[in-house]
2 protein chains.
Amino acid sequence: MSLPTEQVIRAHSRAAVHPTALGRRPLGAGEACISGGSLGGWQRRNRTATTGHVIEQLGLAGNLDNLRRIADPAGPEAAAPFRGRYPFLDTDVFKTLEGVAYGLAADEEPAARAFYEEAVDLIARAQRADGYLNSHFQAPDIAAEPWSDLAWGHELYNLGHLVQAAVAANRRLGDDRLLRAAVAFADLAVERYGPDGDPQVCGHPEIEMALVELSRETGDDRYLELASLFVDRRGHGTVALRVFPAEYFQDAAPLRELDSVTGHAVRMAYLAAGAADIAHEHGDTDLLVALERLWDDMVATKLYLTGGLGSRHSDEAIGDRFELPSERSYSETCAAIAVMQWAWRMYLADGQPKYLDVFETVLYNAYAVGISDDGTGFFYDNPLQRRPDHQQRSGAETHGEPLRRGWFVCPCCPPNIVRWTAELQDHLAAVCGDELQLAQYATGTIAVDGLVLEVETDYPWDEVVRIRVAEATESAPRLALRVPGWCRGASLTVAGETTDGLEPGWVRVDRPLAAGDEVVLTLPMPVRAHGADPRVDALRASVAIARGPIVYCAEQVDHDVDLDLVVVNPAAVHEASVIVDRLTPNADAATRTIALRARAGGAPDAGLYPELGATAAASDAEAAGAEASDVELRLVPYHLWGNRGADAMRVWLRTA
Amino acid sequence: MSLPTEQVIRAHSRAAVHPTALGRRPLGAGEACISGGSLGGWQRRNRTATTGHVIEQLGLAGNLDNLRRIADPAGPEAAAPFRGRYPFLDTDVFKTLEGVAYGLAADEEPAARAFYEEAVDLIARAQRADGYLNSHFQAPDIAAEPWSDLAWGHELYNLGHLVQAAVAANRRLGDDRLLRAAVAFADLAVERYGPDGDPQVCGHPEIEMALVELSRETGDDRYLELASLFVDRRGHGTVALRVFPAEYFQDAAPLRELDSVTGHAVRMAYLAAGAADIAHEHGDTDLLVALERLWDDMVATKLYLTGGLGSRHSDEAIGDRFELPSERSYSETCAAIAVMQWAWRMYLADGQPKYLDVFETVLYNAYAVGISDDGTGFFYDNPLQRRPDHQQRSGAETHGEPLRRGWFVCPCCPPNIVRWTAELQDHLAAVCGDELQLAQYATGTIAVDGLVLEVETDYPWDEVVRIRVAEATESAPRLALRVPGWCRGASLTVAGETTDGLEPGWVRVDRPLAAGDEVVLTLPMPVRAHGADPRVDALRASVAIARGPIVYCAEQVDHDVDLDLVVVNPAAVHEASVIVDRLTPNADAATRTIALRARAGGAPDAGLYPELGATAAASDAEAAGAEASDVELRLVPYHLWGNRGADAMRVWLRTA
């Protein structure tokens with residue numbers, strides 16, 4: 001296809017996800033802007049530290065070299081062997097490009113610009129005349145043929161990330177060079193795997209949501225249709241199995257018939273996110289119902305308190321219902337992103353705030369924990385507990401490291417953070433008919449359809465979100481605000497008039513706004529204690545502490561007593577103190593820690609499996625050796641743990 | 001070396017483990033014999049079903065073909081590619097040979113004999129002139145050179161299993177053909193890796209205990225010294241790492257300095273078993289103390305209630321202290337064997353009954369569960385819980401299968417069962433000075449040094465072990481009987497005189513025995529409830545039921561109520577009924593099941609992580625939705641689970 005110039009320019013302000021179907025339209029460039037607060041700090045760190053670090057690592061690890069030698073078959077790199085272990089290493093360049101496109105749109109930065117220009121140029125020159133691009137399969141020293149191994153070759157997964165980078169560059173920078181490359185590759189995919197092609201699917205879903213977005217960006221429905229084919233072909237034993245079972249690939253049962261999220265966590269959530277896009281564009285209510293059923297089941301049985309997804313290191317798998325071990329939580333950072341992508345698309349499709357509640361939980365916990373305070377260290381998997389004697393690394397060298405690392409042999413997570421943090425503002429708000437819905441709260445500006453709002457808040461630490469109406473035309477949309485699911489007794493003050501006792505969900509400002517109005521949303525944030533469904537064996541007789549959307553944990557570094565011997569009485573939680581306490585150098589100044597009274601016992605000495613007396617309860621075992629004393633626990637935001645040394649940590653604490 | 005004929009013949013009656021150092025001498029061929037009861041049934045099934053099945057599978061999977069084409073470079077197999085994925089597939093032939101040598105000594109069987117003769121012949125002909133033998137590295141289509149990859153090549157591990165098969169054939173059948181092959185290969189190893197050789201170690205420990213036994217069998221100390229070098233070289237970053245970390249290989253710290261068992265479970269326990277042999281032969285008290293410290297720490301923090309070792313699927317690793325998830329218990333069957341081998345050697349070295357207690361626990365639970373009732377299906381990993389919706393297979397195709405399978409791509413466990421079950425009688429009793437110590441109880445005959453005992457018992461189901469003295473010379477050894485650690489109030493009747501209230505440990509019959517005497521050991525077996533150290537998060541507020549050495553479980557197939565919603569009051573356990581109930585066609589007729597009253601609630605409906613009221617306890621979550629009713633649980637021996645369909649199962653049940 002040829003790309004009409006006008007269309008490219010018109011696309012420039014679109015948000016990262018831009019449905020063409022009826023419903024919600026997310027605010028994009030020039031419409032939603034984060035300028036400070038917690039998320040503003042994350043974005044600043046992303047531009048000033050993480051992006052540069054990731055670009056440097058891509059250079060050191062060879063991801064760029066792999067493209068250079070294909071782009072310059074006579075160049076100095078041409079004779080070097082392919083670098084890295086995987087056929088999807090181009091995607092780390094693509095994801096970084098996606099983030100850099102957003103970053104450059106916000107703030108010109110020479111190193112990021114240089115990377116962007118070189119990578120865009122390399123991609124154009126490395127691409128084959130037929131549109132194919134994969135520096136692994138194109139490498140002279142790699143024996144495998146292109147398209148010879150859809151199960152593990154990741155070529156369509158590669159294409160997906162190229163498309164997403166291309167759409168970002170086109171929308172944010174008005175630069176269609178990557179889009180032309182992506183369209184050429186996508187056209188090849190349509191030819192090979194479209195309605196008249198080979199009925200295969202990629203082993204790793206991702207391309208589905210990319211193709212839908214490409215369709216939205218170009219107006220070419222063939223991409224949407226190919227995405228739809230990929231979703232419906234899967235689940236019929238379509239993937240050629242090698243070592244891993246069909247469940248791993250979400251290929252044992254069709255998505256529409258699955259009763260629970262299954263297999264590899266990132267693949268599952270990417271697939272579901274793409275399917276949500278398709279359901280939305282097609283108005284496919286059956287598919288949307290199936291996705292909501294999967295979502296609800298996931299939230300009720302398979303999601304960590306932090307919003308993490310994936311209970312197993314083996315297969316990076318989701319695991320069974322209620323199988324949620326803290327210390328072996330995999331909760332890959334990429335899965336956190338994938339769950340947010342799925343959540344956002346479900347919200348766009350049907351408007352329910354429950355998706356945004358989970359989005360928020362993931363954002364401030366399972367996602368935020370994935371990066372170090374200085375922005376250059378990363379978790380691949382994100383445990384909710386670290387044992388005091390933790391010493392054994394588990395699995396491949398990329399996994400289970402004691403603390404955040406600078407890079408991985410499989411480096412999927414760090415560039416995924418670069419892009420996702422850079423585009424957070426595209427996931428703050430959406431317009432639905434004559435209503436502007438604020439999904440997440442961040443200091444910044446929202447400007448759409450004659451309404452300009454200045455938002456100021458220390459959320460998620462402070463309960464007040466202050467919104468000043470800078471402009472409001474008569475036809476400006478009405479305002480709807482999300483009261484999070486964790487919140488009880490929210491109140492809303494509009495131009496001095498207060499409504500109390502608001503329930504979670506959408507709160508609508510039932511009058512037109514005028515310039516100068518102030519809207520104040522107050523979301524009370526008492527310290528909360530959470531238990532767990534008793535079917536979660538790993539969490540029985542345990543309590544976790546949260547405040548607002550933030551899950552807390554105890555780190556051994558703050559305590560003299562062994563955290564495994566601390567016992568918390570949930571009833572004491574209402575006496576906890578909340579302290580403004582910037583825990584780490586780059587944390588938000590408004591960060592809160594929590595002080596909580598608890599009891600600490602001695603180490604039990606009755607053996608690992610003490611026999612229980614015929615008249616005694618299970619607590620015999622606990623009583624043994626327990627000379628309890630009062631202790632004050634310092635609870636810190638889970639996402640900041642592990643920035644002050646490698647020590648034991650617990651999200652879930654024992655109850656009496 | 002040349003092998004003196006007299007020595008070979010003298011060795012014929014030695015037990016599987018035959019220390020030359022002072023201390024305990026295990027009873028071997030002609031001295032200890034199992035003729036019936038529970039273990040007798042296992043051995044019968046091993047000879048009549050399992051051995052034939054394994055031999056058939058070795059043929060189908062290509063393990064024999066791999067040897068055939070090396071043995072016959074002009075034969076029909078020579079041009080075929082190497083079959084199977086791993087370089088250690090010869091060991092499955094060797095382990096089967098080891099078991100078959102024991103089996104043929106007990107009962108001539110044509111198919112086993114044919115396998116034995118062919119395999120021995122193939123091994124002799126496949127072996128290189130320099131003694132080297134490995135059908136993978138010798139295969140014309142495998143590019144890798146012998147000895148090029150000690151970390152993953154498993155060549156010394158292969159040698160270890162060849163040695164053990166050879167020693168078994170020599171001791172049990174008086175056939176030294178395999179021993180000559182083993183000696184030639186071992187001499188090559190001494191030359192290459194001995195005191196003047198390359199200071200390397202095998203990635204997979206196993207050879208250590210084999211070399212010690214070869215030294216015991218041949219009188220050649222060089223093998224013992226090589227084993228000792230292998231133990232002491234390890235732990236200094238000796239293994240060339242690829243993907244897996246040094247901990248995996250027990251190579252991050254020297255064995256003598258380890259504070260906890262670590263890394264790959266089977267490797268760890270094989271290494272420790274070999275080290276115990278070395279400590280014993282060398283009188284190396286420091287090493288023995290280090291091993292006891294490791295053992296005690298393992299028992300106190302890392303062993304499952306069943307005796308299983310290995311909490312992680314990833315890396316087949318042991319995991320951290322108190323990390324013992326039921327549903328993700330790896331507890332590989334081979335690790336069960338390795339722990340028993342370690343236990344037996346520790347007992348031989350210092351005589352403490354605590355090792356035999358664990359041996360017994362492993363034998364009747366973590367080990368016994370690894371094989372199906374009909375003897376032809378196998379677990380690779382042995383979970384203690386199966387979730388109701390379990391559907392996802394995890395990891396490589398060999399792991400986490402829902403139920404026992406006939407064979408595996410990595411088929412290490414089934415032939416390991418063949419050999420271990422065949423040589424159980426070599427682990428029943430030992431002579432220590434003028435004392436005969438009965439370590440385990442089985443129907444059969446014990447005959448040593450002028451004392452002949454006929455043992456009759458329905459142990460582990462019945463509490464009575466009846467020992468008739470058939471012969472007793474004046475110089476015959478005194479008798480010592482082990483009262484298991486789980487037993488309270490044992491009593492011993494000797495020739496009509498009863499001693500009550502015996503404590504666990506060794507009970508010595510304090511008088512000489514005479515022909516016709518009857519010794520009756522009564523080991524009361526009330527149903528017991530066990531709790532767990534509260535630091536085991538996975539088991540808090542849980543109870544497990546045991547009786548004698550048998551751990552019980554509940555299977556969903558026997559219950560209408562969801563097992564995850566059943567709540568057991570440990571105080572009700574003393575009212576449980578014990579029922580003679582042969583659960584499966586091949587189970588011992590004396591098998592007991594247990595009927596226990598419990599409560600079953602409705603499914604909680606407060607969400608996965610309900611907020612706990614400020615004044616409420618964690619049990620809020622449990623109370624929600626719980627309309628409890630009385631139920632009668634049928635508890636069945638854990639090792640028999642999964643023989644009546646693939647359904648949910650729990651060893652640990654919730655307490656109120």
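Naming convention: chains lettered A, B, ... in sequence-line order (proteins, then strands); numbering from 1 in each chain.
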Q) Side chain, backbone, both or neither: which part of V527(B) has a non-hydrogen atom closer than 4.5 Å to chain A? A) neither
Q) Side chain, backbone, both or neither: which part of A300(B) has a non-hydrogen atom closer than 4.5 Å to chain A? A) backbone
(Q) Under the rule for side-chain contact (heavy atoms from CB on, under 4.5 Å), what residues qualify as partners of A554(B), not counting sequence neighbours? (A) H559(B), L563(B), L635(B), L653(B)
Q. Going by distance alone, is a donor N or O of one side chain under 3.5 Å from an acceptor N or O of the other, for H264(A) and E316(A)?
A. yes
Q: Counting only heavy atoms closer than 4.5 Å, note whether Q385(B) contacts chain A via side chain, backbone, both or neither.
A: side chain
Q) With only heavy atoms counted, which part of E323(B) is less than 4.5 Å from chain A, the side chain, the backbone, both or neither? A) both
Q | D564(B): salt bridge (Lys or Arg N to Asp or Glu O under 4.0 Å) partners, not counting sequence neighbours | A | R387(B), R650(B)
Q: Apply side chain to side chain contact (heavy atoms under 4.5 Å, CB included) to the pair W295(A) and V261(A), showing each step before the final yes or no.
A: CA-CA 8 Å; W295(A) 177 274; V261(A) 290; over 6 Å; no
Q. If you count heavy-atom pairs under 4.5 Å between each of A544(A), S326(A), A529(A), P388(A) and chain B, which one has the most?
A. A529(A)
**Q.** When D562(A), T301(A), L303(A) are compared by non-hydrogen pairs under 4.5 Å with chain B, the top option
**A.** L303(A)
Q) Is the ring centre of Y304(A) less than 6.0 Å from the ring centre of W652(A)? A) no
